[in-house]
Amino acid sequence: MADTIIRPIEDPDVPGAAAALIDVHSTDAYPVEGVDDPEAWITPPGVVKAWVAHRNGVVGHIAIMKAKGEKAVTLWQQQSGEDESRIGVLARLFVVRSARKHAVGESLMLTAMDYAEENGLRLVLDVMDKDEAAIRLYERLGWQFIGGATHQFGDGQQIPAKCYVWPAS
């Protein structure tokens with residue numbers, strides 16, 4: 001398999017990222033909301049910056065979103081007093097199973113963290129309790145747990161989640 005290339009997403013990448021998302025949903029049930037319109041899920045309003053990982057095609061994705069009062073944002077503001085305009089929400093991280101064990105998720109995370117540091121953003125995220133591999137990655141990269149949350153989705157469904165902040169310098 002070729003080396004992994006991380007770069008900003010471009011319009012021609014969206015169909016490949018959508019196919020990768022459908023693959024991840026079938027293996028990991030991520031996102032829990034489902035993938036009825038994967039291209040729209042990858043390119044929602046409020047994206048500050050997004051990247052894809054290429055390894056013989058799109059194998060992963062990550063985005064930084066504008067804060068919109070998410071539980072992780074609220075928890076961090078309560079703990080830090082930081083203004084919402086300086087907070088970015090790390091979101092939509094996924095890597096297809098065949099590309100795992102090649103540090104693709106870590107490379108995507110480091111790219112987003114570098115961007116945030118260069119642009120003066122504090123990153124927060126929430127992650128479903130069930131996504132243990134993602135939690136291990138975040139904690140290994142120094143993210144700090146700031147509280148629990150309940151992720152609401154679908155027709156009244158909910159799932160427990162954890163909220164983290166990246167302790168940028």
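Here the straight-line distance linking atom CD of E118 with atom NZ of K49 works out to 10.0 Å at 0.5 Å rounding. In this structure, CD in E117 is found 9.5 Å from CZ in R122, a value given to the nearest 0.5 Å. For the atom pair D129 CG and T150 OG1, the distance stands at 9.0 Å (nearest 0.5 Å). To the nearest 0.5 Å, atom CG of residue L110 and atom CD1 of residue I6 are 9.5 Å apart. Expressed to the nearest 0.5 Å, how far OG1 of T111 lies from CZ of R7 amounts to 12.5 Å. A distance of 10.0 Å separates CG in L93 from CG in D131, rounded to the nearest 0.5 Å.
Open room surrounds CG on D11; 12 or fewer heavy atoms of other groups in view lie less than 6.0 Å from it.
Residues L137 and Y115 share a hydrophobic cluster, clusters being chains of Ile/Leu/Val/Met/Phe/Trp/Tyr side chains in contact below 4.5 Å. Hydrophobic clustering (side-chain heavy atoms under 4.5 Å, transitive across Ile, Leu, Val, Met, Phe, Trp, Tyr) groups W166 together with W51. Taking hydrophobic clusters as Ile, Leu, Val, Met, Phe, Trp and Tyr residues chained together by side-chain heavy-atom distances below 4.5 Å, M113 shares a cluster with V95. Under the 4.5 Å side-chain contact rule for hydrophobic residues, V165 and M128 do not share a cluster. Using a 4.5 Å cut-off between side-chain heavy atoms of Ile, Leu, Val, Met, Phe, Trp and Tyr, with links allowed through other members, M65 and Y138 fall into different hydrophobic clusters.
Residue A72 comes nearest to I146 through the heavy atom pair O-CD1, 3.7 Å, listed as atom of the first residue, atom of the second, then distance. Among all heavy-atom pairs drawn from L125 and L90, the shortest one is CB-O, 3.6 Å. The two residues L21 and P31 make their nearest non-hydrogen contact at CD1-CD, 3.5 Å. Between A53 and V104, the closest heavy-atom pair is CB-CG1, 3.5 Å. Nearest heavy-atom pair, P38 versus I22, reported as atom, atom and distance to 0.1 Å: CG-CD1, 3.8 Å. Residues E84 and Q77 share a closest heavy-atom pair of N-NE2, 3.3 Å.
The shortest distance between side-chain heavy atoms of I135 and F145 does not fall below 4.5 Å. Side-chain atoms of H151 and V32, non-hydrogen and from C-beta on, do get closer than 4.5 Å to each other. No side-chain heavy atom of V124 sits under 4.5 Å from any side-chain heavy atom of L75. H61 places none of its side-chain heavy atoms less than 4.5 Å from the side chain of V24.
For the side chain to side chain contact (heavy atoms under 4.5 Å, CB included) test with F94, the passing option among I42, I62, D23 is I42; the others fail.
Not a single donor-acceptor pair under 3.5 Å links the side chain of K66 to the backbone N or O of P45. With hydrogens and angles disregarded, a donor-acceptor distance shorter than 3.5 Å links the side chain of D83 to the backbone of S85.
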Could you walk me through whether K68 and V89 pass the side-chain contact (heavy atoms from CB on, under 4.5 Å) test, one step at a time?
CA-CA 9 Å; K68 299 179 310 213; V89 179; over 6 Å; no
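Between the side chains of H54 and D13, at least one donor N or O lies within less than 3.5 Å of an accepting N or O.
In this structure, Y30 and W41 have perpendicular ring planes: the angle between them is above 60°, well past the 30° mark.
Evaluation of the ring pair (Phe, Tyr, Trp, His ring centres under 6.0 Å) test over residues 64-90, restricted to residues two or more places apart or in two chains, returns none.
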